[in-house]
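Here the structure is laid out as structure tokens; the discussion comes afterwards.
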Amino acid sequence: MPELPEAETLRIYLENTSLYKIILDLEVRDQRILEKISSKELKQSLAGYQFQSVNRYGKRLFLRLRIDLWLTIHLGMSGWIRYSGIDEGEPPYTRLLISFTNGHYLAYSDPRLFGRFGLTDDPRALVREKSLGPDALNIDQQVFLEIMLGRKSAIKARLLDQCIIAGIGNLYADEALFQAGICPNAKSIDEERLRLLFEWIQRVLKTAISVNANLADLPESYLISHRYPGGSCPLDGTALMRIRIGGRTSYYCPYHQKR
DNA sequence: AGTACCACCTGACGGC
DNA sequence: TGCCGTCAGGTGGTAC
């Protein structure tokens, strides 16, 4: 569940549930989700403190513990977090638990174990370290044009490259390209169509956030729910094409999306 | 710079 | 029923 809209939805959720509560304890069930840190270190950094704010950059979340210390979270492919009371039981595949002194806890669930927890003294340093491009929701049109022009890769590969623009994943790349009428394989795209793509990226991401990244609640005119073998275009029923770009499966409508 | 693989993981699904 | 290959909304590494 982890593209920008899911991360933003979770950011808001954590903001509404988990700020200013004193952290009692941390339990790491599987060390593989820790990034360059031991569970002991993480526990020492969390216990007794409280989350002061939650920021997002691309698909990553940053929870501030102190002026110069942030918990960093990447949801990987199947990560999610739930805030619940002790009597509610924990979600399946819980890999990490953060308990608060109020009796509630945050459970990080992640079947595939691709998510990562870490610490940083400065989110901007982590963004530099990972060479992340500008955040897809905080980029202005001019910068978008500059980073997209002058590249020769397939447009979808550019959208998926977090070093070029951060936050867009496989589903929403397909969606934005569908709405903008651009084939994912297109390589040379004029400025006017790039402007259109920019507008659709903004609109698609904001729309997804407005429904809490609940795919079933997206507009009927969206491609996402038709992304399966044999699926058809929501606009006119044309059979969708299925190709691979950068190792990822891409669906597009051969009638509405042009090279 | 761009691309093609592989690896990291587990679960779901379709074919036989 | 059960095994097997393939696929899944991500990222990082390698090699050409």
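The sequence lines fix the lettering, A, B, ..., with proteins before strands; numbering per chain opens at 1. The figures here come from the full heavy-atom set of this structure, side chains too, leaving out hydrogens, waters and symmetry mates.
For Arg11(A) and Glu8(A), the salt-bridge test passes: some basic side-chain N is under 4.0 Å from an acidic carboxylate O.
By the 30° and 60° cut-offs, the orientation of the rings of Phe100(A) relative to Phe51(A) is perpendicular. Using bins of under 30°, 30° to 60° and over 60° for the plane-to-plane angle, the ring pair Phe117(A)/Tyr108(A) lands in the perpendicular bin.
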| task | Give the B/S/- string for nucleotides 10-16 of chain C, one per nucleotide from 5' to 3', where a protein heavy atom under 4.0 Å of the base yields B, of only the sugar-phosphate yields S, and otherwise -. | result | BSS----
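At a threshold of 4.0 angstrom between heavy atoms, the contacts of Arg244(A) are confined to the sugar-phosphate backbone, with no base atom among them. Across all strands shown, Tyr172(A) has no heavy atoms under 4.0 Å from either base or sugar-phosphate atoms. As judged by a 4.0 angstrom heavy-atom cut-off over every strand, Arg151(A) is placed among residues touching the sugar-phosphate backbone only.
Annotation: dC7(C) and dA4(B) have their P atoms spaced 16 Å apart (nearest Å). Across dC6(B) and dT6(C), the matching P atoms stand 12 Å from one another, rounded to whole Å.
Taking the 5' to 3' direction, DNA chain B first and last meets chain A under 4.0 angstrom from a heavy atom at dG2(B) to dG11(B).
Interatomic distance, OG1 of Thr94(A) versus CZ of Arg29(A), reported as 6.0 Å (0.5 Å rounding).
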| Steps toward side chain to side chain contact (heavy atoms under 4.5 Å, CB included) verdict (Ile23(A), Leu26(A)) | CA-CA 8 Å; Ile23(A) 297 166; Leu26(A) 168 80; 5.8 Å; no
| Criterion side-chain hydrogen bond (donor to acceptor under 3.5 Å, both in side chains) on Arg203(A) and Gln179(A), from CA distance to verdict | CA-CA 10 Å; Arg203(A) 197 190 299 194; Gln179(A) 298 298 340; over 6 Å; no
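In this structure, dG14(B) forms a base pair with dC4(C), meeting either the Watson-Crick or the G-U wobble geometry with both donor-acceptor distances under 3.5 Å. Across the strands present, dG9(C) finds no partner; the criterion is a Watson-Crick or G-U wobble pair with both atom distances under 3.5 angstrom.
Nearest heavy-atom pair, Ala136(A) versus Leu4(A), reported as atom, atom and distance to 0.1 Å: CB-CD1, 4.0 Å.
Under the 6.0 Å distance and 45° angle rule, Lys258(A) counts as a cation-pi partner of Tyr255(A).
Using a 4.5 Å heavy-atom threshold, the side chains of Ile73(A) and Arg116(A) count as separate.
Going from atom CG of Asp174(A) over to atom P of dG9(C) covers 9 Å, rounded to whole Å. In this entry the distance linking CD1 of Ile243(A) with C1' of dC7(C) reads 17 Å, nearest Å.
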